[in-house]
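A short write-up of the structure that comes next.
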Number of protein chains: 2
Amino acid sequence: MTPQLSGRRKPTLAVVGATGAVGTVVLELLSTREDVWGEIRLVASPRSAGRKLMVRGEEVEVVALSEECFDGVDVAMFDVPDELSAQWAPIAASKGAVVVDNSGAFRMDGDVPLVVPEVNAHSARVRPRGIISNPNCTTLSMIVALGALHAELGLTELIVSSYQAVSGAGQVGIETLRDQITKVAGSNLGTQPGDVRRAVGDFGPFPAPMALNVVPWAGSLQDDGWSSEELKVRNESRKILGLPDLRVSATCVRVPVITTHSLTVHARFEREVTVDRAHEILRGAPGVVLYDNPAEGEFPTPADVVGTDPTWVGRVRRSLDDPTALELFVCGDNLRKGAALNTAQIAEVVAAELGQSGPSSG
Amino acid sequence: MTPQLSGRRKPTLAVVGATGAVGTVVLELLSTREDVWGEIRLVASPRSAGRKLMVRGEEVEVVALSEECFDGVDVAMFDVPDELSAQWAPIAASKGAVVVDNSGAFRMDGDVPLVVPEVNAHSARVRPRGIISNPNCTTLSMIVALGALHAELGLTELIVSSYQAVSGAGQVGIETLRDQITKVAGSNLGTQPGDVRRAVGDFGPFPAPMALNVVPWAGSLQDDGWSSEELKVRNESRKILGLPDLRVSATCVRVPVITTHSLTVHARFEREVTVDRAHEILRGAPGVVLYDNPAEGEFPTPADVVGTDPTWVGRVRRSLDDPTALELFVCGDNLRKGAALNTAQIAEVVAAELGQSGPSSG
């Protein structure tokens, strides 16, 4: 049941959900990042089996999800819906694979680490169920920057508001916004109550029009008026940072942006902070780009950040009425660091660990 | 120099800047609200003099701005740029008119009240300079709801993030977004760094593309990285609420919405709060619509609020880690309550006062 690594043999990776939106970005990343993998096996639904996809410059045939497809697999990345992960991740783990799961199925399981390599890579080593979870894209879009600040300054409270892209709702989210943009282009819509609502017709996966609008809702309704997305930001931030009592309030709002989530963050710390010190920490933080010079028009926006790997931070200010608090504006590509990239990074952490712990007969 | 009201004679109103974006909405409102005015004089730049505009179903000829145009005027509404207000409002006041000014020229002047009738109508009576200021549109889009909550619960801290419409930057802001929307419609833009930036070309009054983007900047650069818009929210909220030491942090972000500003608000109070009590207060507050039932998809969005008068409030939640704090999502039409409507309401407050204090010989 333990990975059978023969010396320096490179580990075998399975990508489950290889044909999906996140899976597609995973294959791109596997083709451009340092190649730590031996075989890469592409797994999808029986419907997609037999398709050929490019990875590392070679065509690979997709195989159907089955118990057998995990034979000999060292690491299995899952980019599938919650219910599929809930069913199949334990099967893959029981066959000896370390599962890196991008669904919400295991994130708050006490026996499953929730890992952001820049923040808590060490947590990946303790995985009683053989499963490691990848956080939600909204949490991931800010947590690398906040983890760096927390390590130096000690975080005590987060109050965040999101500006979330439609691709967080999948390919259908993108198509819905593109279709609505076409319908409002060249019009005088957006000036009378409901005119956009009537013009766009189909809301797709959203509860209101997305073109020329912002919608204060993401996810499903939970207790006391909270959305599931807002609770994920709270619960996952606490778990990743190892701060089970961190005060967190989030309001999640969808905006008409294709890809890249933005967040405004009010972060309170244990002691007084300065903008200079925050700049210094962020400038030195792996995975973070500090882009903060409004005099030169320099602050991150989704249009510039999309398609890039890092977490971008700008508009750093110290709260005028609280010397222990900072205001930040943060952008991160929700399909890259927010999903595929972090999953790939976790898998690479596991690959390195397997390489160290395996017998070195090579 | 005091208004010469002969008994029940209705007061004379001058609308300075009648041909502008806000002035146009003012004329619409004057045509639909209860008619408290005698003569309505339309004033604009010499360039616009002689134009005829409809108000109260009648054509009125625009006259050029001059000292004489304030002869016999009881109330003068100014909807012009800061520098024009700074020059001409004191002249109008010296001729005996009560000036209601929508510019930023006098808002923080200690001798000029900053008035939101639902919150601090009483302040309008004390006006040593004969001038009353109308707040900034971003502050106005939330302050009616917050004033109602403050009156019952005692506000101690505000942390707000804005989702501001492009019409806050004037007609050119609207035209810029409409043009950019046309350029991105039918494309696959928004997936590669800078692709939208290159496609839209002209940013108009904004520092970055507005289509398929959000931009964390509004106004001019002030000390320590703050934008003027963010400082206005802090300073004006304190003055309107009569809380000079209120802790306020704001981050202002422009979004691709034509008209209606939205804000997420984290509001902390002197004592424990409940959602039920907040609902009760907001349901009874003049000028506020509570629209808060996510189970039925009911929360305000700009597309539904645009063109309406009230401040709409939804997504009311009590902070999970602080029983004294509420989270809210607030929408208000930045051209109506955010500008023209509040100005008209202040003018009406003054008209009522003049009607009471004048000799009742009628």
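Numbers restart at 1 for each chain; the letters A, B, ... are given by sequence-line order, proteins then strands. Hydrogens, waters and symmetry mates play no part in the numbers below; they use all other heavy atoms, side chains included.
Contact tally against chain B (heavy-atom pairs below 4.5 Å) for V306(A), V184(A), I258(A), D333(A): the top residue is V306(A). Between chain A and the options S162(B), S262(B), A208(B), the largest number of non-hydrogen pairs under 4.5 Å is found for S162(B). Ranked by heavy-atom pairs under 4.5 Å with chain A, the list P294(B), G297(B), S167(B) is led by P294(B). No other option in D304(A), T259(A), L335(A), I181(A) has as many heavy-atom pairs under 4.5 Å with chain B as D304(A). When N293(B), L320(B), T264(B) are compared by the number of non-hydrogen pairs under 4.5 Å with chain A, L320(B) comes out ahead. Most heavy-atom pairs under 4.5 Å with chain B, from the set P302(A), G307(A), A185(A): that is P302(A). Residue with the most contacts toward chain A among L246(B), L189(B), V275(B): L189(B) (heavy-atom pairs, distance under 4.5 Å). Counting heavy-atom pairs closer than 4.5 Å to chain B, the top residue among G186(A), A211(A), S249(A) is S249(A). For the set V255(A), V316(A), V253(A), the entry with the most heavy-atom pairs within less than 4.5 Å of chain B is V253(A). For the options L328(B), T308(B), D195(B), T301(B), heavy-atom pairs under 4.5 Å to chain A are most numerous at T301(B). Most heavy-atom pairs under 4.5 Å with chain B, from the set L221(A), V305(A), V196(A): that is L221(A). Between chain A and the options E327(B), K183(B), R234(B), heavy-atom pairs under 4.5 Å are most frequent for R234(B).
Applying the side-chain hydrogen bond (donor to acceptor under 3.5 Å, both in side chains) test between D292(B) and each of R315(B), R283(B), H279(B), R317(B) identifies H279(B) as the sole match.
For E230(B), the part lying near chain A is the side chain, with the backbone staying farther off; criterion is any non-hydrogen pair under 4.5 Å. Proximity to chain B is limited to the backbone of A250(A), based on heavy atoms less than 4.5 angstrom apart. If you measure heavy-atom distances from Q192(B) to chain A, the contacts under 4.5 Å come from the backbone alone. Both the backbone and the side chain of N213(B) come within contact range of chain A, judged by heavy atoms closer than 4.5 Å. With a 4.5 angstrom heavy-atom cutoff, N188(A) touches chain B via backbone and side-chain atoms both. Heavy atoms closer than 4.5 Å to chain A are found in both the backbone and the side chain of S187(B). The contact between A303(B) and chain A is made by backbone and side chain atoms together, counting heavy-atom distances below 4.5 Å. Of the atoms belonging to T274(B), not a single heavy atom falls under 4.5 Å from chain A. When heavy atoms are compared at a cutoff of 4.5 Å, I159(A) approaches chain B solely by way of its side chain, counted from C-beta outward. Residue contact with chain B, scored on non-hydrogen atoms closer than 4.5 Å, involves the backbone and the side chain of A295(A) alike. Residue P216(B) touches chain A through both its backbone and its side chain, counting heavy-atom pairs closer than 4.5 Å. Only the side chain of L177(A) has a heavy atom closer than 4.5 Å to any heavy atom of chain B. For T182(A), the parts lying near chain B are the backbone and the side chain together; criterion is any non-hydrogen pair under 4.5 Å. With a 4.5 Å cut-off on non-hydrogen atoms, S227(A) touches chain B through its backbone and its side chain both. Residue T260(A): no heavy atom, backbone or side chain, is found under 4.5 Å from chain B. Within the 4.5 angstrom heavy-atom criterion, atoms from both the backbone and the side chain of P256(A) approach chain B. Only the side chain of L231(A) comes within contact range of chain B, judged by heavy atoms closer than 4.5 Å.
In this structure a side-chain-to-backbone donor-acceptor pair under 3.5 Å is present from T32(B) to L29(B). For the pair E157(A) (side chain) and A325(A) (backbone), a donor-acceptor distance under 3.5 Å is absent. The backbone N or O of D309(A) lies less than 3.5 Å from no partner atom in the side chain of K337(A), so there is not a single donor-acceptor pair. With H261(A) contributing its side chain and A165(A) its backbone, the two residues share a donor-acceptor pair below 3.5 Å. Looking only at distances, a side-chain donor or acceptor of W217(B) sits under 3.5 Å from a matching main-chain atom of G219(B). Side-chain atoms of R238(B) come within 3.5 Å of backbone N or O of P244(B) as a donor-acceptor pair. Proximity of a side-chain donor or acceptor of R268(B) to a complementary backbone N or O of L155(B) within less than 3.5 Å is not detected.
Aromatic ring centres of Y163(A) and Y163(B): separated by under 6.0 Å.
A salt bridge links R277(A) to E280(A): at least one charged side-chain nitrogen sits closer than 4.0 Å to a carboxylate oxygen. Between R247(B) and D322(A), at least one side-chain nitrogen of the basic residue sits less than 4.0 Å from a carboxylate oxygen of the acidic one, meeting the salt-bridge criterion. A salt bridge is absent between R318(B) and D224(A); no separation between the charged side-chain nitrogens and carboxylate oxygens falls under 4.0 Å.
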Using the rule given for side-chain contact (heavy atoms from CB on, under 4.5 Å), can you reason through L263(A) versus S141(A), listing the C-alpha separation, both sets of side-chain angles and the distance that settles it, and then say yes or no? CA-CA 8 Å; L263(A) 298 107; S141(A) 297; 3.9 Å; yes

Which is it for V257(B) and V166(B) under the side-chain contact (heavy atoms from CB on, under 4.5 Å) test, yes or no, and what are the steps along the way? CA-CA 6 Å; V257(B) 164; V166(B) 294; over 6 Å; no

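Atom CZ of F206(A) sits about 6.0 Å away from atom OG1 of T176(A), to the nearest 0.5 Å.
Side-chain contact annotation: D321(B) with S319(B), donor-acceptor N/O pair under 3.5 Å absent.
Residues satisfying the side chain to side chain donor-acceptor pair (under 3.5 Å) criterion with K232(B), sequence neighbours excluded, are absent altogether.
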